[in-house]
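First listed ligand is number 1; within each ligand, the first listed atom is number 1. In this chain, residues are counted from 1 in sequence order.
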Amino acid sequence: MSRTVIPLVGAAVVGAVVVACMSGGNGASAQAPAAATNQYVVNDSHFHLTNYVQEGTKIQDFVKIMGTKVGRVALFGIPLQQQWSYGNTGDFAPTYYLQTDAPLYYYSFTDAFIAMAYRSLPPADQARFDPMITGFNPADMYAADHIRRVLTTFPGVFSGIGEFTIHKEFVSSKIAGETASLLNPALDRLLDFAGESGLVAIMHNDVDMPFPKPGQDPYQVTQLRDLVKRHPRTTIIWAHAGLGRVVRPVKDQLDILERGLSNPDLKNLYIDLSWDEVAKYVVASPDAIKATADLIVKHPDRFLFGTDEVAPSDQQKYLKVYDMYAPLFAALPSDVSEKVRKGNYERLFDEARRKVRAWERANVPQAGGRG
Ligand SMILES: [Zn+2]
């Protein structure tokens with residue numbers, strides 16, 4: 001069942017074309033090798049191709065938007081669909097969760113949509129994407145089975161799961177059905193499967209509730225620590241460093257991150273700096289920039305740049321967050337800046353590709369039987 005292993009890093013496009021020809025281009029598990037990203041300025045570890053009503057940018061157009069600036073992108077839709085409830089908003093069709101009181105619900109078709117979008121690309125473009133599985137309910141014990149089913153239905157495509165959400169201001173409470181929780185064994189089950197199969201997990205979990213009482217310890221922090229500790233084999237990227245629109249850097253936010261990153265039991269924990277709401281706080285003052293830069297320099301392998309853009313229409317909009325972070329990148333030594341912008345992404349996602357393809361060869365008959 002073995003096949004020639006194509007080097008993942010720095011492989012020439014020509015290699016990608018050869019692999020595509022070998023595999024018949026029909027989605028067998030030999031994925032296009034990762035694109036060499038030397039000539040690009042940044043990789044994006046957090047990108048939504050579609051919005052809360054499952055509409056977005058055509059992937060071919062998005063490749064043009066990435067252009068010569070963005071090398072690789074962790075690609076996902078949004079697992080939640082905003083219901084258009086006529087009784088609530090009448091003829092107004094909401095496209096964002098803040099525009100209506102109607103609930104959100106899990107929309108599993110997003111995974112098939114993302115897989116088909118990826119497969120519509122030529123191999124050289126596929127090499128620039130790491131598609132992610134998001135269309136599951138993390139409060140459902142069957143969530144892990146959904147993830148496994150997506151891998152077996154679309155072998156050779158996915159590198160990770162997420163962005164999925166446990167606690168998120170204004171969102172969690174709008175989701176129909178049981179509220180997600182860091183304590184739910186359904187979450188343990190799906191993170192176990194991610195560890196077994198090599199899928200990177202991008203998880204959104206606010207570090208606190210929007211309006212805590214003064215002096216109230218954020219219970220999410222200890223729950224999150226224990227969760228990450230329970231899954232040492234699973235690479236977990238904490239989206240937005242735990243911040244939100246109104247969940248602001250609590251006074252000791254950087255201390256919380258520092259404690260987490262220094263904890264030898266949490267070596268599998270990584271932080272993404274995506275979302276303009278986060279960039280806004282980081283670059284708010286010279287002090288904030290310096291404090292953040294100091295923390296990153298202490299843990300240069302643990303931070304990833306991401307945009308968290310949703311279905312952008314042009315490169316300027318897409319790179320808004322990147323541009324906002326210019327003062328932070330300038331405050332970092334160049335080798336550290338390079339890791340945050342590109343190197344850490346490549347290390348984590350190359351590893352995920354390698355492991356997930358190996359899992360597929362072992363567990364999906366049509367993925368291992370060729371070549
Ligand atoms: Zn996001």
Confirm or rule out an N/O/S atom of His240, from backbone or side chain, lying less than 2.8 Å from the Zn ion (ligand 1).
no
Which atom of His48 is nearest the Zn ion (ligand 1), counting N, O or S only? It is NE2
Is it the case that one hydrophobic cluster holds both Leu98 and Val53, taking links as side-chain heavy atoms less than 4.5 Å apart, direct or via other members?
no
For the Zn ion (ligand 1), decide whether His46 has an N, O or S atom at a distance under 2.8 Å.
yes
Angle subtended at the Zn ion (ligand 1) by OE1 of Glu163 and OD1 of Asp308, nearest 10°:
180°
Tightest non-hydrogen contact, residues Pro79 and Thr110, listed as CA-CG2, 4.3 Å
How about Phe305 and Tyr345: are their ring centres within less than 6.0 Å of each other?
no
Can you establish whether the number of heavy atoms outside Lys174 located under 6.0 Å from its atom NZ is more than 12?
yes
